[in-house]
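Structure first, commentary second.
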2 protein chains.
Amino acid sequence: MDRLDRPWEELLVLLDTNETKKVREYIGSLRSEDVVRSMSHLKKEDQLKLMGLLTPHDAADIIDDIPDVQAIDIIDDLQTDEAAAILNEMDSDDQVDLLAELDEKDAEAIIEKMEPSEAESVRKLIRYDPETAGGLMISEYLSFNKNNTIGDVIQYLQENSSQLQEYSIKYIYVESKDSFIGVLRMVDLLLSKASTRLSQIVIKDTKTINEYASLNELINFFNAYDFYGVPVVNEHNALVGVVLRKSIMEVEMEKANIELLETQGIIGGEELRSFPVFKRSGRRLSWLSVNIFLNIIAASVIAFYQDTLSSVIALAVFLPIISDMSGCSGNQAVAVSMRELSLDLVRPNEVLRVWFQEIFVGLINGIVLGILIGFAAFLWKGNMYLGLVVGGALTINTMVAVSLGGTIPLMLKRMGIDPALASSPILTTLTDMLGFFLALSFASLALVNISS
Amino acid sequence: MDRLDRPWEELLVLLDTNETKKVREYIGSLRSEDVVRSMSHLKKEDQLKLMGLLTPHDAADIIDDIPDVQAIDIIDDLQTDEAAAILNEMDSDDQVDLLAELDEKDAEAIIEKMEPSEAESVRKLIRYDPETAGGLMISEYLSFNKNNTIGDVIQYLQENSSQLQEYSIKYIYVESKDSFIGVLRMVDLLLSKASTRLSQIVIKDTKTINEYASLNELINFFNAYDFYGVPVVNEHNALVGVVLRKSIMEVEMEKANIELLETQGIIGGEELRSFPVFKRSGRRLSWLSVNIFLNIIAASVIAFYQDTLSSVIALAVFLPIISDMSGCSGNQAVAVSMRELSLDLVRPNEVLRVWFQEIFVGLINGIVLGILIGFAAFLWKGNMYLGLVVGGALTINTMVAVSLGGTIPLMLKRMGIDPALASSPILTTLTDMLGFFLALSFASLALVNISS
């Protein structure tokens with residue numbers, strides 16, 4: 001493998017030399033994706049050492065790029081003044097994201113060491129719920145009084161151009177005293193004379209968002225309007241920040257990823273393989289131990305029919321198939337419901353409509369799968385009754401699993417339970433129980449004919 | 001329920017009246033999320049009728065907002081000239097996204113009816129792979145020759161301000177003949193005199209992206225640089241378009257959603273409940289029928305040990321538990337690998353490293369779950385050997401399932417197979433087979449002591 005394939009190896013060598021300049025140069029020479037990948041290959045102490053050797057600005061870039069869980073972990077373990085220096089260099093919304101995840105004491109200690117202006121903006125932002133406009137907005141925006149002229153604005157921009165490099169200035173916000181009036185695009189400043197007052201050209205019917213607006217309102221807002229950002233106002237219509245489209249899309253993506261992990265049994269947020277083994281193992285077990293308990297409940301149905309099963313031992317082959325296939329069919333319907341919920345195409349109170357839409361799909365697929373498995377059973381043992389029992393059980397169970405799978409996420413959402421997390425375990429427990437019950441009770445009814 | 005809870009009901013009434021003005025006004029009064037939800041509640045013929053009654057501009061807004069599969073479906077069924085009129089109003093990247101999904105003939109028929117300038121840009125864009133810079137870029141950007149002055153640009157902006165409303169102008173691109181030179185932010189136009197030539201102030205070390213750059217390169221680019229968009233150039237360094245950060249984030253989100261659906265057994269893209277029942281049922285069956293085949297293979301291990309099983313019928317209770325629990329433990333590891341792959345924290349060739357990181361987690365969790373289930377078996381039958389057989393099988397199988405789950409996605413990726421789709425079926429087939437084999441072969445070894 002060439003050097004760029006494993007950049008952390010050279011990085012480790014350089015870290016050992018303690019030569020600040022060389023480390024900085026090497027990090028500067030890497031693409032950001034290679035830096036991110038290298039971080040995940042470093043041990044904690046090397047990560048911390050690297051942060052210490054870089055300029056706060058470069059360290060902040062890395063903290064921005066790596067996964068949030070890793071960033072929080074590192075900030076938590078850095079010296080307070082090192083952490084503060086790095087946070088000084090970050091956008092206000094990212095500062096708050098990290099600090100909100102620390103212990104209150106640790107966060108306060110870091111904030112105290114930050115630059116006064118940065119600390120003030122953090123203190124202002126951190127009191128918002130992170131999934132509201134206030135928690136998602138940035139404080140880096142430009143606002144001017146309506147009585148300023150275009151010339152004033154241009155002069156300000158010229159005098160502060162170096163500081164403003166880090167701002168992503170797409171709009172200029174216009175206020176009168178403490179009240180928000182409207183917005184100007186940069187291009188609007190070009191279309192009038194320098195002596196024009198902002199009040200004359202400001203776009204007044206600007207859409208705003210309340211500081212306590214929810215994430216869903218923001219998602220809908222950016223779906224409806226093709227804006228780069230939206231001004232956030234408080235109840236007195238004073239401008240308090242700006243939410244960028246980018247930030248909303250990032251949060252949306254993060255939530256989709258957490259959901260994907262939850263449906264696969266990783267709970268409590270992202271897991272990185274750089275976490276300690278016992279932390280990873282413990283988090284996974286917390287979900288598995290609930291699941292094994294549910295499994296035992298479901299399997300107890302089999303225990304109840306032990307006598308039937310020993311008379312028709314062939315049935316034992318089909319019980320895991322019925323369990324697995326019903327789970328799969330049901331989970332397909334769960335996935336479609338989760339998707340329609342997240343696209344807002346269906347509301348939690350439309351259980352009956354979804355049930356009706358799924359029952360036919362479940363019936364068709366149940367019949368097809370039932371015939372397949374029934375035929376397989378018949379071929380294997382040459383016993384028609386075995387085929388009927390197994391096929392019939394799978395047909396009915398698939399129909400129930402699909403209609404349950406479609407409706408369970410809606411019902412959970414309505415009850416305020418996270419459907420990504422709970423749908424599948426609840427579904428498979430119910431369908432396992434029913435599937436085992438159907439197969440074994442059908443078999444005991446047909447016992448005279450089946451036990452050949 | 002109030003009117004806004006089921007806006008499609010009033011919409012249907014209005015559609016029946018055929019009064020264009022009232023329908024347009026009603027749609028205009030709804031929030032975009034209610035329009036989207038209403039569309040998913042309308043029958044196909046009503047969707048088409050609505051499109052026909054709206055202005056092409058309003059219809060284009062709706063087509064933009066609804067899920068892609070639904071939009072394609074509607075465009076496909078509209079009259080050619082209606083479809084062309086709507087597409088005229090859309091951004092070039094969205095035009096191409098839709099047209100690329102139609103039959104080539106249908107797409108060509110629509111393109112012919114579009115405005116000549118729109119048609120030309122579509123013809124240019126549609127030849128790119130949709131997951132390259134060329135396929136993702138827009139043609140709506142402003143470029144000027146380097147010999148123009150700031151005054152020329154401002155004059156152009158003033159004269160064309162109404163047309164330019166629909167553009168999201170954040171940068172001005174500077175060219176010399178057919179070669180891209182650099183970029184100017186709007187704010188830069190404010191900082192110099194009107195007589196200044198663009199060549200004097202253009203930012204020359206502008207990052208560009210080649211027209212054939214992959215989606216991954218674009219994702220990495222926007223992770224590394226905090227830009228709103230990036231200019232796309234061909235091999236002669238001529239500017240051919242602009243890729244917006246927004247477009248890349250949208251594609252990324254779409255891919256994450258498709259992946260989520262695939263892991264749950266919905267393949268071939270999104271499924272909406274407004275699809276016909278047979279289409280939905282057929283698509284789901286295509287995945288289920290592979291799965292039932294794999295299930296039969298796995299269960300055949302049980303058939304092989306039928307005699308053992310009939311001597312220790314209690315074991316039949318535990319086989320579905322072993323199958324389900326190993327699947328769950330393995331899928332957790334699959335999820336972590338999928339996530340690390342998508343974050344580029346791990347490369348497909350690091351199979352050994354991941355295996356090593358997972359085997360310990362698998363061992364710990366295997367021991368914990370094995371003790372739990374073994375103890376449950378012992379309590380139930382008072383037979384220590386049954387507990388040992390069941391617990392031992394689950395311990396070993398969990399360890400194998402977790403290490404396989406971690407590595408299978410990497411191996412599939414390396415082979416060019418979609419890991420979201422194939423990881424779980426392959427994993428569960430292997431772990432079912434091994435789990436059944438372990439439990440039943442241990443049992444047959446311990447048969448003297450176990451069959452009480």
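The chains referred to below are lettered A, B, ... by the order of the sequence lines, with proteins before strands, and numbering in each begins at 1.
- Looking at A/A333, both its backbone and its side chain come within 4.5 Å of chain B, counting heavy atoms on both sides.
- Options A/L189, A/L285, A/L260 differ in how many heavy-atom pairs under 4.5 Å they form with chain B, and the most are formed by A/L285.
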Could you go through residues 358-367 of chain B and list every donor-acceptor pair under 3.5 Å that involves a side-chain atom there, pairing it with any protein atom two or more places apart or in another chain?
residue: B/E358; atom: OE1; partner: A/R284; partner atom: NH1; Å: 2.9
residue: B/E358; atom: OE1; partner: A/R284; partner atom: NH2; Å: 3.2
residue: B/E358; atom: OE2; partner: A/R273; partner atom: NE; Å: 2.5
residue: B/E358; atom: OE2; partner: A/R273; partner atom: NH2; Å: 3.0
residue: B/E358; atom: OE2; partner: A/R280; partner atom: NH2; Å: 2.8
residue: B/E358; atom: OE2; partner: A/R284; partner atom: NH2; Å: 2.9
residue: B/N365; atom: OD1; partner: A/S281; partner atom: OG; Å: 2.6

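- Proximity to chain A (any heavy atom under 4.5 Å) is restricted, for B/F436, to the side chain, taken from C-beta onward.
- In terms of non-hydrogen atom pairs under 4.5 Å with chain A, the most contact-rich of B/I322, B/L272, B/I302, B/I313 is B/I313.
- Counting heavy atoms from C-beta outward, B/L343 and A/V36 have side chains that stay 4.5 Å or more apart.
- B/A194 does not touch chain A: none of its heavy atoms, backbone or side chain, sits under 4.5 Å away.
- Most heavy-atom pairs under 4.5 Å with chain B: of the set A/S38, A/S337, A/G406, this distinction falls to A/S337.
- Remark: B/M186 CE to A/M186 CE distance equals 10.0 Å, nearest 0.5 Å.
- With a threshold of 4.5 angstrom between heavy atoms, A/E350 approaches chain B through side-chain atoms but not through N, CA, C or O.
- Looking at A/F227, neither its backbone nor its side chain comes within 4.5 Å of chain B, counting heavy atoms on both sides.
- Using a 4.5 Å cut-off between heavy atoms, B/I154 contacts chain A through both its backbone and its side chain.
- The greatest number of non-hydrogen atom pairs below 4.5 Å with chain B, out of A/E270, A/M325, A/R245, is found for A/M325.
- Using a 4.5 Å cut-off on side-chain heavy atoms (C-beta onward), B/D432 and A/P320 make no contact.
- The part of A/A376 that comes within reach of chain B is its side chain, from C-beta onward, which places non-hydrogen atoms under 4.5 angstrom from that chain.
- Taking 4.5 Å as the limit, some side-chain heavy atom of B/L394 sits within range of a side-chain heavy atom of A/I292.
- Of all the listed residues (A/N291, A/I321, A/N331), the one sharing the greatest number of non-hydrogen pairs under 4.5 Å with chain B is A/I321.
- Residues A/S32 and B/N220 are not in side-chain contact: their nearest non-hydrogen atoms beyond the backbone lie 4.5 Å or more apart.
- Using a 4.5 Å heavy-atom cutoff, the side chains of A/N295 and B/I373 are not in contact.
- The candidate from B/V346, B/T263, B/I219, B/V402 with the greatest count of non-hydrogen atom pairs under 4.5 Å with chain A is B/T263.
- Across B/D344, B/D324, B/L288, the residue that shares the most heavy-atom pairs under 4.5 angstrom with chain A is B/L288.
- Among B/L369, B/V35, B/I150, the residue with the largest count of heavy-atom pairs under 4.5 Å with chain A is B/L369.
- Between chain B and the residues A/S323, A/S310, A/G327, the largest count of heavy-atom pairs under 4.5 Å involves A/S310.
- At a 4.5 Å heavy-atom cutoff, A/A298 makes no contact with chain B through either its backbone or its side chain.
- Here the shortest heavy-atom pairing between A/K246 and B/M249 reads O-CE, 3.6 Å.
- The closest side-chain heavy-atom distance from A/H41 to B/R353 is below 4.5 Å.
- If you tally non-hydrogen atom pairs under 4.5 Å between each of B/D61, B/T428, B/V354 and chain A, the highest count goes to B/V354.
- Interatomic distance, A/S274 OG to B/Q357 CD, rounded to the nearest 0.5 Å: 8.0 Å.
- For the pair B/Q264 and A/V334, the minimum side-chain heavy-atom distance is below 4.5 Å.
- For A/Q332 (side chain) and B/G265 (main-chain N/O), a donor-acceptor pair under 3.5 Å exists by modelled atom type.
- Around atom CZ of A/F304, no more than 12 heavy atoms belonging to other residues, nucleotides or ligands sit under 6.0 Å away.
- At a threshold of 4.5 Å between non-hydrogen side-chain atoms, the residues B/R37 and A/R347 count as touching.
- Ranked by heavy-atom pairs under 4.5 Å with chain B, the list A/N223, A/L261, A/L309, A/L319 is led by A/L309.
- Residue B/A303 touches chain A through both its backbone and its side chain, counting heavy-atom pairs closer than 4.5 Å.
- Looking at A/Q158, the atoms closer than 4.5 Å to chain B (heavy atoms on both sides) sit in the backbone and in the side chain alike.
- Atom CZ of B/R31 and atom CD of A/E217 lie 9.0 Å apart (nearest 0.5 Å).
- When heavy atoms are compared at a cutoff of 4.5 Å, A/Q155 does not approach chain B at all.
- When heavy atoms are compared at a cutoff of 4.5 Å, A/V153 does not approach chain B at all.
- Ranking B/V277, B/N257, B/L372, B/D65 against chain A, the residue ahead of the rest is B/N257, based on heavy-atom pairs under 4.5 Å.
- With a threshold of 4.5 angstrom between heavy atoms, A/V368 approaches chain B through side-chain atoms but not through N, CA, C or O.
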